[in-house]
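To start, the structure under review is shown below, and the notes come after it.
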Amino acid sequence: MEYDFRSIEKHWQEVWSQKKSYQVKEAKDKPKFYALDMFPYPSGAGLHVGHPLGYIASDVISRYKRHCGFNVLHPMGFDSFGLPAEQYAIATGQHPAITTETNISRYRNQMKQIGFSFDWSREVMTSDPTYYRWTQWIFGKLFESWYDVESGGAQPLQTLIDAFEKNGNYAIEAACDEGWWKNLDLELFPHFGKHFEGDFTATDWKSMSPKAKNAVLMQFRLAYLADSEVNWCPELGTVLANDEVKDGLSERGGHPVERKRMRQWMMRITAYSDRLVDGLDDLNWTESIKEAQKNWVGRSEGASVSFQGSGQASGCTVDVFTTRPDTLYGVSFVVLAPEHKLVNAFTSDEKLGEVNQYVLTASKKSERERQGEKSISGVELGGHVVHPLTGNNIPVYISDYVLAGYGTGAIMAVPSGDERDWKFAKYFKIDIPSIFQGHDSDAAVSSDEKAVLQNSEELNGLRKLEAIPKALNLLESTGCGERKINYRLRDAVFSRQRYWGEPFPICYENDIPRLIENETVTLPAVDEYLPTAGGEPPLARARREDWPVFQGDRMETNTMPGWAGSSWYFLRYMDPHNETEFCAREKSDYWGQVDLYVGGAEHTTGHLLYSRFWTKFLFDLDKISFDEPFKTMINQGMILGRSSFVYRVQGTSTFVTYEQREAHKTQRLHVDVSLVENDKLNIAGFKSWRAEFEHAEFITCPDGTYTCGHEVEKMSKSKYNVQTPDELVEKYGADTLRCYEMFLGPLTQSKPWDTQGISGVHNFLRKFSKLVVGSENCEASKPELKIVHKTIEKVTSDLERHAFNTVVSALMIAVNDLNNLKSVKSHVGLRPLVTLLSPYAPHLAEELWKVVGGMGLVIDSAWPKAEKSHLVEDEVSYPVSFNGKVRFKLTLPASTNKVEVESIVLADERTLQQLNGKEIKKVIVVPGRIVNIVS
RNA sequence: GCCCGGAUGGUGGAAUUGGUAGACACGUCAGACUUAAAAUCUGAUGGCCGUAAGGCCGUGCGGGUUCAAUUCCCGCUCCGGGUACCA
């Protein structure tokens with residue numbers, strides 16, 4: 001029989017679909033298993049070969065678990081809000097919902113071809129109002145909640161209001177910004193004096209106006225409005241990601257970009273900092289991802305230290321955070337971020353121009369550019385602060401390398417102990433106090449953690465660990481500082497000035513935001529998907545009557561970010577059609593945490609942190625019974641594309657072949673990989689590819705061919721290196737594609753995509769098919785059973801440790817070994833092998849299951865067990881090595897013990913030959929493994 | 001810059017707990033079949049020296065620990081990912 005994969009795959013996909021084989025329901029009699037995939041964004045380029053990689057892996061596990069008797073939830077859906085659809089809408093005027101729908105159906109069809117065991121009846125998409133009404137509902141809950149530090153969880157806002165009514169804010173500790181009262185507009189609080197420091201009584205509270213109460217509550221809500229710094233591009237009328245800013249200009253269009261403070265919705269994720277770190281302990285994630293999340297939260301213990309301004313700046317206090325209070329005596333200057341509120345106060349008149357210039361320049365750099373900056377820059381402000389312990393006057397600077405958003409936006413510089421501070425001091429010729437014994441601070445920075453302090457008064461003679469507590473006590477007793485825990489984590493900006501995202505269920509009445517409950521605020525129609533002339537978000541184009549729901553004086557016109565919908569989708573899959581709840585409690589209790597999440601490591605600090613945050617929040621509200629979403633996670637590597645390039649001679653439409661490009665001034669352009677075979681360009685195809693190349697001329701190789709350059713890089717539409725799975729499915733079948741993607745290498749490693757090896761895998765399936773079809777209804781032979789059971793053991797243990805690639809090799813070896821047996825193979829002997837194949841090549845396995853006389857469908861067959869009796873090896877081949885180098889092999893009965901092995905080896909004439917008279921110093925025998933003779 | 005990964009033949013990779021480096025595939029070469037080609041099958045295939053037996057070298061680079069290191073430790077190089085509004 002020929003391996004007719006086309007009809008086999010079509011047939012079995014129809015059978016599964018008719019029998020609804022992959023639809024699941026809660027079943028109390030079976031253990032559950034929840035396998036989840038990364039939520040795909042349906043881009044216009046369609047699914048590329050990198051997408052299915054993770055999906056195939058999770059499908060293999062899902063099918064394996066099903067064979068093992070688990071009730072498996074394996075859903076798929078779409079993260080369908082996003083920028084590309086919006087940009088396409090801006091360019092063409094087409095509503096993003098239309099583009100999105102087209103893209104989704106393409107994705108869905110592509111996935112269906114591959115034969116995934118997804119329960120499609122559970123499909124969700126974030127841009128569907130029946131989905132995003134619940135995203136809005138969760139937002140509403142966050143808006144109506146505060147974080148009680150004492151009980152360590154979120155609480156309904158009403159409990160906070162009740163507390164304020166009773167005792168003001170005296171008996172309660174709510175998560176908030178440090179110095180939250182400084183965010184308030186004092187005009188709203190006429191009876192609070194200048195020295196208000198955040199304490200108010202019940203009477204104070206009751207006397208506040210509604211606006212004032214709103215302003216206070218806003219400081220404690222988990223979803224709240226606040227000013228935050230963004231990359232504002234006036235020309236485009238929009239905020240840009242750091243990604244979209246290059247050298248202070250927008251990537252798109254090259255317009256100037258500046259840092260600007262804007263009123264934005266924020267998420268108080270910082271309230272969960274400690275829980276986000278502690279929760280990692282129980283997760284089965286790679287250490288590197290856990291480490292990255294810990295670093296992202298960035299909990300550090302240290303001290304806050306106050307430096308009083310002197311001279312013109314007296315009355316001002318610069319607060320800094322330091323993890324090294326022990327080095328306090330080494331402080332010789334203070335650096336403020338260019339955006340720091342006190343910059344003006346410390347700037348002397350003669351420095352004003354220079355400072356303003358510097359602040360302006362800095363405002364044009366993105367945060368990342370500033371952190372990546374290698375050259376040292378800054379300005380001495382002219383003002384001074386007083387060293388809290390020595391009383392010395394020390395200068396104040398501003399510099400790029402201090403970020404406004406981290407800590408207090410100011411640092412105390414210890415040039416002898418910090419690399420950046422040291423370089424800065426050298427550059428500006430600032431004094432470098434030598435505080436480490438035996439170290440020349442003028443020559444280099446000290447990085448010795450165990451260095452002994454000197455010139456530090458009461459800290460002299462101590463090392464870091466002993467000095468820190470003493471320094472902290474000193475600070476606290478003199479009142480110029482205190483112990484403090486600082487976090488790198490910042491609250492997350494939750495507003496986007498975009499059209500294609502979830503609208504907020506928020507309207508404003510007298511400028512006070514009010515939650516719209518019990519109604520879904522759907523997106524209004526707009527005439528264009530661009531910001532308004534005044535720089536308002538696109539939704540501001542909607543007139544009152546355009547809004548399906550309009551309440552209050554005006555609607556919120558920002559939309560939610562991409563991560564809103566993807567922070568809880570795994571919950572919706574459990575109960576996707578529920579119209580009264582985001583997910584019924586009995587469903588989430590049944591399915592519980594995701595048992596296996598397969599996703600890319602590129603989500604480490606975004607999606608994975610936000611999902612954990614929302615899960616913990618829903619847990620606090622007792623809406624679900626677990627507070628971590630993903631129990632086990634595998635991070636798939638990226639499949640990279642192989643890009644091809646042509647070289648255009650600058651200013652001409654002549655293209656020079658790769659070999660001769662050095663002789664010209666050329667510009668390298670990406671060329672569609674479908675126009676290139678073995679690095680040779682299809683010249684005719686290239687000319688008709690794009691109008692601008694129609695009259696292209698070529699400087700070719702002597703044989704008239706044009707060689708392209710190549711590079712391995714990320715697969716993306718803009719690089720014209722996208723490979724879709726479609727043509728491979730067409731040419732080799734889904735089963736081959738599935739096996740090949742797994743065979744390519746370890747799932748977690750990134751690797752370039754290359755179809756060269758695919759024929760080998762296709763060949764394997766053909767040989768497998770031929771082997772089974774050629775088997776007979778007879779008894780299994782002993783060697784046959786041995787091969788099969790060895791394979792069962794290998795495949796099972798590889799699957800358990802998620803080594804997907806070696807499973808394919810193991811099956812290949814089994815087929816090769818069985819073919820080498822020459823004797824007749826039996827149905828009953830091969831039957832377990834067909835089940836082993838089924839997670840990888842389910843269509844072919846179904847077909848072969850019939851051949852070997854299996855009952856029902858192979859997908860429902862029980863996973864075979866390796867019988868120990870078939871696995872017994874009676875011989876062991878010992879490599880015998882001399883000083884670590886293997887010289888010969890010796891086959892011995894497996895029962896030979898250590899002493900016997902040693903004496904047999906020593907008696908072997910080859911041993912004597914190797915030794916050549918040398919004396920044996922030591923003999924190492926590892927039973928069943930190796931013999932090593934040291935001479 | 002900072003944080004996190006990775007590097008093994010011509011190529012993708014294997015070696016699970018420190019124990020035979022290169023399994024399994026691709027590619028290449030040779031052979032069989034064929035008038036020929038394709039397909040298929042068989043064999044060889046890390047490098048160097050050697051007719052062979054065999055020897056030396058070899059897991060990004062430089063050191064170290066060990067009877068034994070792709071595996072553990074120290075110091076580098078290069079590549080990839082993330083870096084808070086790409087998803």
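Below, read A as the first sequence line, B as the second, and so on, with proteins coming before strands; counting in each chain starts at 1. This is a predicted model, so every value here is computed, not measured.
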### Task
Please tell me which of Met812(A) and Gln914(A) maps to the more 5' nucleotide of RNA chain B, matching each residue to the nucleotide holding its nearest heavy atom.
Met812(A)
### Query
In terms of the angle between their ring planes, are His607(A) and His603(A) parallel, tilted or perpendicular, with boundaries placed at 30° and 60°?
perpendicular
### Query
Rounded to whole angstroms, how far apart are NZ on Lys290(A) and C1' on C3(B)?
18 Å
### Message
Test of understanding: with ring pair (Phe, Tyr, Trp, His ring centres under 6.0 Å), list the residues that count as partners of Tyr487(A), not counting sequence neighbours.
### Response
none
### Query
In whole angstroms, how far is the C1' atom of A68(B) from the CZ atom of Phe882(A)?
14 Å
### Query
Say you draw a straight line from CG of Asn295(A) to CZ of Arg488(A); how long is it, rounded to the nearest 0.5 Å?
7.5 Å
### Task
Check the distance between G81(B)'s C1' and His607(A)'s NE2 and give it to me in whole angstrom.
17 Å
### Task
Measure from NZ on Lys922(A) to C1' on A68(B) and round the result to the nearest Å.
10 Å
### Query
Paired with C72(B): which nucleotide, if any, by Watson-Crick or G-U wobble criteria at under 3.5 Å for both distances?
G64(B)
### Task
Using a strict cut-off of less than 4.0 Å between a Lys/Arg side-chain nitrogen and an Asp/Glu carboxylate oxygen, indicate whether Glu902(A) and Lys898(A) qualify as a salt bridge.
no
### Query
CG of Asn820(A) versus C1' of G43(B): gap in Å, rounded?
14 Å
### Task
Using the C1' atom as the reference point in each nucleotide, state the distance between C29(B) and G9(B) in Å, no decimals.
16 Å
### Task
Examine distances only and state if a side-chain atom of Ser769(A) and a backbone atom of Leu765(A) form a donor-acceptor pair shorter than 3.5 Å.
no
### Query
What's the spacing between Glu502(A) CD and Tyr131(A) OH if we round to 0.5 Å?
8.0 Å
### Query
What is the per-nucleotide protein-contact pattern of nucleotides 82-87 of chain B, from the 5' end, where B denotes a base atom under 4.0 Å from a protein heavy atom, S denotes such proximity for sugar-phosphate atoms only, and - denotes neither?
SBBBSB
#### Entry: C1'-based separation of A84(B) from G19(B) [nearest Å]
47 Å
#### Entry: Same-atom distance (C1') from U70(B) to A15(B), integer angstrom
8 Å
### Electrostatic pair Glu291(A)-Lys294(A), nearest N-O below 4.0 angstrom
no
### Query
In the strands shown, is A7(B) matched to any nucleotide by a Watson-Crick or G-U wobble pair with both distances under 3.5 Å, and which?
U77(B)
### Selected nucleotide, minimal atom distance to Arg929(A) side chain, candidates U20(B), C26(B), G19(B)
G19(B)
#### Entry: P-based separation of A53(B) from C67(B) [nearest Å]
34 Å
### Task
Provide the Watson-Crick or G-U wobble partner of A39(B), both distances under 3.5 Å; none if there is no partner.
none
### Query
Base, sugar-phosphate, or nothing for Lys921(A), non-hydrogen atoms under 4.0 angstrom?
nothing
### Task
Could you check how far CG of Asn932(A) sits from C1' of G18(B), rounded to whole Å?
12 Å
### Chi class for G9(B): syn within 90° of 0, otherwise anti
syn
### Query
Rounding to the closest angstrom, what is the interatomic distance between G43(B) and G58(B) at atom P?
32 Å
### Task
Can you tell me the pairing partner of G1(B) across any strand shown, Watson-Crick or G-U wobble, with both distances under 3.5 angstrom?
U83(B)
### Query
Who does U28(B) pair with, Watson-Crick or G-U, both distances under 3.5 Å?
A44(B)
### Task
Ignoring hydrogens and angles, tell me if any N or O in the side chain of Lys794(A) forms a donor-acceptor pair with the backbone of Thr806(A) under 3.5 Å.
no
### Query
Where the side chain of Asn558(A) meets the backbone of Pro537(A), is there a donor-acceptor pair that is under 3.5 Å apart?
no
### Strand partner of A52(B), provided both Watson-Crick or wobble distances fall under 3.5 Å
none
### Task
Sticking with atom C1', work out how far U59(B) lies from G22(B), rounded to a whole angstrom.
9 Å
### Span that lies between the P atom of G60(B) and that of C49(B), in whole angstrom
24 Å
### Options G27(B), C24(B), U20(B), nucleotide nearest the side-chain atoms of Asn816(A)
C24(B)
### Query
What string of B, S and - do you get for nucleotides 4-16 of chain B 5' to 3' if you count protein non-hydrogen atoms under 4.0 Å?
SS------BSSSB
### Message
Please report the distance, rounded to the nearest Å, between CG in Asp418(A) and C1' in C2(B).
### Response
13 Å
### Query
About how many Å separate OG of Ser759(A) and NZ of Lys731(A), when rounded to the nearest 0.5 Å?
9.0 Å
### Pairwise P distance for G82(B) and C41(B), with rounding to whole Å
43 Å
### Query
Are Trp753(A) and Tyr740(A) close enough that their ring centers fall under 6.0 Å?
yes
### Query
Could you state the OH-P distance from Tyr878(A) to G19(B), rounded to the nearest angstrom?
15 Å
